[in-house]
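Contents: one structure, followed by commentary.
On a predicted model such as this, the values are computed, not experimentally measured, just so you know.
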Amino acid sequence: MEFLTKPYGDEVLLSAIQQAIDCSHAALRLEAEMRSTRDSYASLSRRERHVMALVVRGLLNKQVGGELGISEITVRRTEAT
């Protein structure tokens, strides 16, 4: 994480160790969130993934329905799952 120049005091060493631990915890949290997101995406049906891709592109439900040949209500139901 950090290079310490000798001589260094106990507080400097402890601070560097704490920063490394904090960084590790943040990386582990991020990895857990990414894993959860990947798992959620993997659980979607092909249709749900297609709807999601169009919504993420910024299309309105009505436009998504028109593109997929389904009703706006069906798009909303698909989004809710």
Ignoring hydrogens and geometry, is there a side-chain-to-backbone donor-acceptor pair from S36 to A32 under 3.5 Å?
-> no

As an exercise, state the distance from [atom1] of [X] to [atom2] of [Y], rounded to the nearest 0.5 Å.
| X | Y | atom1 | atom2 | value |
| --- | --- | --- | --- | --- |
| R49 | S43 | CZ | OG | 8.0 Å |
| R77 | N61 | CZ | CG | 12.5 Å |
| I73 | T78 | CD1 | OG1 | 11.5 Å |
| Q19 | L14 | CD | CG | 11.5 Å |

Does the side chain of S71 come under 3.5 Å of the side chain of T74 through a donor N or O and an acceptor N or O?
-> yes

Going hydrophobic residue to hydrophobic residue with side-chain gaps under 4.5 angstrom, can you get from M52 over to I70?
-> no

Do you reckon I21 sits in the same ILVMFWY cluster as Y8, going by side-chain contacts under 4.5 Å, direct or chained?
-> yes

Is the number of heavy atoms from other residues, nucleotides or ligands within 6.0 Å of CG (D39) greater than 12?
-> yes

Would you call R76 and E72 a salt bridge, taking side-chain N to carboxylate O under 4.0 Å as the test?
-> yes

Charged N-O contact under 4.0 Å between R38 and E31 = yes

Side chain to side chain, L60 and V64, heavy atoms closer than 4.5 Å = no

Least distance between heavy atoms, E67 atom then L54 atom = OE2-CD2, 3.8 Å

Of all heavy-atom pairs linking A16 and L4, the shortest is CB-CD2, 4.2 Å

